[in-house]
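Below is one structure; the comments refer to it alone.
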Amino acid sequence: MTLSLPVNLLDSKHTNLELIGKWKNLEVLSLGSCFNLAKILAIIQTHCKNFYGLDLSKGFVHEREALSIVKLVPNIKYLNLKGAKVNGDGLVRLLCGCKDLVMLDARDCSGFNENDDEISKLASHISKFMCEGSEFPEFLRGMDNCVLLVDGYSFHVHVEETWDE
């Protein structure tokens with residue numbers, strides 16, 4: 001069973017995310033953003049034992065979001081990040097922490113280069129790893145900790161590794 005949630009539901013204070021736990025046979029979740037990702041994945045970890053796939057395409061997947069995925073659903077098999085903003089540290093954390101991945105689509109992402117040797121080496125265990133078209137924007141080079149304003153929201157490019165839920 002697949003569930004797709006648009007961004008306006010994820011960011012609404014009127015949305016009861018606990019209802020996701022009622023979908024006991026949930027296998028794949030497609031999210032319109034990464035808002036409330038840790039909360040959603042904690043519910044899935046507890047209630048959805050058949051869960052194996054996550055679609056965060058066009059989202060913002062940085063260190064904090066990657067840490068949530070690794071800690072809460074480390075055994076996922078399919079992860080779609082196509083067109084997402086993914087920083088290199090977040091991708092490295094995902095590659096190191098999600099050892100059961102058989103498909104990772106990271107094509108057309110911004111935040112890391114498709115030719116990164118470290119990422120290629122770490123992804124070698126994934127039978128279908130795609131990262132063509134991904135690049136690190138020139139204007140971000142040399143910035144370790146900055147905030148990007150996108151569609152009225154602030155997204156941190158670098159998040160403290162000490163974050164803990």
Side-chain angles (χ1 to χ4, degrees), residues 1-112 119 122-123 125-134 148 150-156 159-165:
M1 177 181 307
T2 300
L3 175 63
S4 181
L5 296 174
V7 68
N8 59 339
L9 282 180
L10 297 172
D11 195 25
S12 172
K13 61 183 173 186
H14 304 293
T15 301
N16 182 356
L17 296 175
E18 298 294 329
L19 291 175
I20 294 171
K22 302 287 184 190
W23 292 52
K24 303 289 185 205
N25 293 319
L26 181 64
E27 297 171 326
V28 178
L29 179 64
S30 177
L31 298 175
S33 79
C34 291
F35 292 123
N36 294 312
L37 182 64
K39 183 176 182 179
I40 291 167
L41 293 181
I43 293 166
I44 288 171
Q45 177 192 40
T46 303
H47 299 287
C48 306
K49 301 305 179 192
N50 297 325
F51 187 75
Y52 65 84
L54 183 60
D55 181 347
L56 298 173
S57 56
K58 299 184 182 172
F60 291 85
V61 182
H62 299 296
E63 191 75 15
R64 185 177 183 139
E65 293 79 14
L67 182 59
S68 294
I69 294 167
V70 167
K71 287 177 74 175
L72 298 169
V73 291
N75 299 323
I76 61 171
K77 301 207 179 309
Y78 300 93
L79 182 58
N80 183 7
L81 304 176
K82 187 175 182 183
K85 309 293 184 263
V86 183
N87 73 355
D89 291 341
L91 185 58
V92 166
R93 184 174 295 276
L94 288 169
L95 293 170
C96 291
C98 297
K99 295 295 186 185
D100 293 338
L101 282 173
V102 295
M103 192 280 297
L104 173 56
D105 188 345
R107 291 176 291 173
D108 302 320
C109 290
S110 64
F112 71 95
I119 289 172
L122 291 172
H125 71 280
I126 302 171
S127 58
K128 190 165 185 173
F129 175 65
M130 301 165 283
C131 67
E132 297 81 15
S134 294
L148 295 178
V150 179
D151 296 334
Y153 296 101
S154 296
F155 295 94
H156 290 274
V159 178
E160 295 291 331
E161 283 193 17
T162 57
W163 175 77
D164 195 13
E165 293 185 41

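Of all heavy-atom pairs between Leu56 and Ser33, the closest is CD2-O, 4.3 Å. Annotation for Cys48 and Trp23: closest pair SG-O, 3.3 Å, computed over non-hydrogen atoms. The heavy-atom pair separating Cys98 from Val70 by the smallest distance is SG-CG2, 4.1 Å. Of all the heavy atoms in Gly83 and Cys109, the pair that sits closest is N-SG, 4.0 Å. Scanning both residues, Cys34 and Val61, for their nearest heavy atoms gives SG-CG2, 4.0 Å.
In terms of the side-chain hydrogen bond (donor to acceptor under 3.5 Å, both in side chains) criterion, Asp108 has no residue partners (sequence neighbours excluded). Judged as a side-chain hydrogen bond (donor to acceptor under 3.5 Å, both in side chains), and not counting sequence neighbours, Asn75 has no contacts.
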Evaluate the side-chain contact (heavy atoms from CB on, under 4.5 Å) criterion for residues Leu104 and Leu95: first the C-alpha distance (whole Å), next the side-chain angles of each, then the deciding distance (0.1 Å), finally the verdict. CA-CA 9 Å; Leu104 173 56; Leu95 293 170; 3.7 Å; yes
Show, in sequence, the C-alpha distance, side-chain angles and deciding distance for Val73 and Phe51, and conclude whether the side-chain contact (heavy atoms from CB on, under 4.5 Å) test is met. CA-CA 8 Å; Val73 291; Phe51 187 75; 4.1 Å; yes
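One N or O on the side chain of Asp105 and one on the backbone of Arg107 form a donor-acceptor pair closer than 3.5 Å. Looking only at distances, a side-chain donor or acceptor of Ser127 sits under 3.5 Å from a matching main-chain atom of Val102. Asn87 places a side-chain N or O within 3.5 Å of a backbone atom of Gly90 that can act as its donor or acceptor partner.
Atom CD1 in Ile126 sits 12.0 Å away from atom NZ in Lys77 (nearest 0.5 Å). To the nearest 0.5 Å, atoms CD (Gln45) and OG (Ser68) are separated by 11.0 Å. How far CD1 of Ile44 is from CG of Leu29: 4.5 Å, rounded to the nearest 0.5 Å. Considering CD1 of Ile76 and CG of Asp100, their distance stands at 9.5 Å, rounded to 0.5 Å. Here the CZ-CD distance, from Arg93 to Glu63, works out to 4.0 Å after rounding to the nearest 0.5 Å. Note that CG of Asn36 and CG of Leu41 are 10.5 Å apart. Values are rounded to the nearest 0.5 Å.
Contact annotation: the side chain of Ile119 approaches that of Phe129 to within less than 4.5 Å [non-hydrogen atoms, C-beta and beyond]. For the pair Leu37/Ile69, a side-chain contact is recorded, criterion being any heavy-atom separation below 4.5 Å from C-beta on. Contact of the Lys24 side chain with the His47 side chain is registered, since non-hydrogen atoms from C-beta on lie closer than 4.5 Å. Counting only heavy atoms from C-beta outward, the side chains of Leu101 and Leu94 never approach each other to under 4.5 Å.
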